Amino acid sequence: MKFNIKRAFRVWQRHFMVFTKLYKSSIAFNFIEPVLYLIAMGLGVGGLVKEVNGMPYINFIAPGLIASSSMFATSSECSYGTYIRMTFQKTFDAILTTPININDLIAGELLWGATKSVFYGTVIIIVISLFGLVDSPLIILAIPVLLISGIIFAEIAVIAAATVPGIDSFSFFFTLVITPSFLFSGIFFPVDTLPTVVQKIAFFTPLYHLVNIVRSLSMGSLNTVMNDIIWLITVAIILSPLPFKLLKKRMLP
Amino acid sequence: MQCYMSLMNIITANNITKDYKEVRAVNNVSYAIERGEFYGFLGPNGAGKTTVMSMIYCYMPPTSGTLNIFEMDVTKSASLIKSRMGVMPQDSNLDPDLSVIENLIVYARYFDIPKSISIERARDLLSFVELQEKKDVNIQNLSGGMKRRLLLARALINNPEILILDEPTTGLDPHSRRDVWTRLAELKSQGMTLILTTHYMEEAENLCDRVAIMDSGKIISIDSPSSLMNVHNGNLEHVYMTLTGRGLKG
């Protein structure tokens, strides 16, 4: 998985350029959905549940939506997006005829995926701040954390892109991996209200740790943040050889 | 075992074999291509031409054998080799998310060519392939022939010393085909080394200094089109049938 960072950045630049051409439609899409959740759950469920952990329900869920928005953005970029560039568009084939080598290319995909996590998470930070749902300026520290978690989501999605038999299979990836993670990572209710088994499973999802971090920062607390950050960094490193190994295997049989 | 070594050679391949799982796509081939030469790999679909080419542009390494380009090993110096090479692929892999000129500029950036230079170079190349007016058009709105011309322009963005052309005129009408030939001949006259695969005999006869005739993963003959035709008394198609005992289109 040795790669050249400058050449990986060239791939990043290509994606960024395409993104700036198309961002109006894509970013609106990604920011409307979390806002819909915020309104529907925050006001709907919030009408029944007055407080969770001592805060109004809508304030409880708002930081979690920063985390989920970044997860969804990166997961679709590096699953559908990577797959389409690899197969239908043959973008990868074109890039590989230049000095960019396959490891540079894969690193570029991961870095771009992580960047989208930062973009989409930051948009929600701004939105919920405007709604007055953030208590502390420490939320700014969530931005670099989104880069780390973004690398994990990118790694997982690239692993999916490298192993699916066809593009339709991504619906399994989203239904069986991403959506359960979204529902059981403590965004809408504290994980400790769930059976112990589910709590244990939740511990193994990156989203759970990201939600913990973002919620703490939003409340102005740094107490438990470090453990979760260490968890994220460790997992990002452990997973890192896999996208390289599997995507290479997929592209060069 | 043949071994090629010469200062004139820009590419030397010795005993190259390439296996895909159980299939041997290229079987122990050796060849050498001289600087400034127009070299053709000729053969039917499935003969191994595209595999030979993809090893030259460092897309995949040989299973065994040595392949040196610019006196560098493809398995060790891929990036450096590719920086001095242009590739025109068989299928369009233009970037559909970008316009015509953006395709050239983004591609140039992969070679570390700064935008100030690439913009000028892209304009020159678009006029070389007569696509100046299509500069800001989306790729989807180009005809097949225009896409081919743009692929040629893109392959030239880094001023390559070697230009690889994988079936450069397949699917083009006779007029567009002649058009591409004229441009390729012009590049050759500027001293570029060109390597092409084709299954059109006429194309090889018209353009190539030498051709390597391939069949079932092997090179069965290497010579200039004219001496092949002299020796075997007929055009290249006849030569091919004599050598392989079958037609080229099969």
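Side chains included, hydrogens not; waters and symmetry mates left out as well; all remaining heavy atoms used. Within every chain, numbering begins at 1; the chains are lettered A, B, ... in the order of the sequence lines, protein sequences first and strands thereafter. The structure presented is a predicted model; accordingly, all values stated were derived computationally and were not measured.
At most 12 heavy atoms of other shown residues, nucleotides or ligands fall within 6.0 angstrom of atom NZ in B:Lys218. Within 6.0 Å of CD in B:Glu133 there are 12 or fewer heavy atoms belonging to other residues, nucleotides or ligands. Within 6.0 Å of atom OH in A:Tyr37, 12 or fewer heavy atoms from other residues, nucleotides or ligands are found, so the atom counts as exposed in its surroundings. Atom CZ of A:Phe204 has 12 or fewer neighbouring heavy atoms from other residues, nucleotides or ligands inside a 6.0 Å radius. Heavy-atom neighbours of B:Glu120 CD from other residues, nucleotides or ligands within 6.0 Å: at or below the threshold of 12.
Listed options B:Val87, B:Ile164, B:Leu151 were ranked by heavy-atom pairs under 4.5 angstrom with chain A; first place goes to B:Val87. In terms of heavy-atom pairs under 4.5 angstrom with chain B, the leader among A:Arg7, A:Gln89, A:Met17 is A:Gln89. The residue among A:Leu252, A:Val18, A:Asn101 with the most heavy atom pairs within less than 4.5 Å of chain B is A:Asn101. When the candidates A:Thr91, A:Ile102, A:Asp104, A:Ile100 are compared by the number of heavy-atom contacts under 4.5 Å with chain B, A:Ile100 comes out ahead.
A donor and an acceptor atom, one from each side chain of B:Tyr57 and A:Thr98, are nowhere located under 3.5 Å apart.
Looking only at distances, no side-chain donor or acceptor of A:Lys21 sits under 3.5 Å from a matching main-chain atom of B:Leu98.
Contacts of B:Asp112 with chain A are made by both backbone and side-chain atoms, with heavy-atom separations under 4.5 Å. Using a 4.5 Å cut-off between heavy atoms, B:Ser92 contacts chain A through its backbone alone, with no side-chain atom that close. Contacts of B:Asp97 with chain A are made by both backbone and side-chain atoms, with heavy-atom separations under 4.5 Å. Residue contact with chain B, scored on non-hydrogen atoms closer than 4.5 Å, involves the backbone and the side chain of A:Arg14 alike. Contact of A:Leu96 with chain B is made through backbone and side chain together, with heavy-atom distances under 4.5 Å. For B:Leu94, the part lying near chain A is the backbone, with the side chain staying farther off; criterion is any non-hydrogen pair under 4.5 Å. Only the side chain of B:Arg154 has a heavy atom closer than 4.5 Å to any heavy atom of chain A.
Atoms CG and CZ, on B:Asn93 and A:Arg85 in that order, are 14.5 Å from each other to the nearest 0.5 Å.
Contact of the B:Met85 side chain with the A:Thr97 side chain is not registered, since no non-hydrogen atoms from C-beta on lie closer than 4.5 Å.
Among all heavy-atom pairs drawn from A:Ala94 and B:Tyr107, the shortest one is O-CE1, 3.5 Å.
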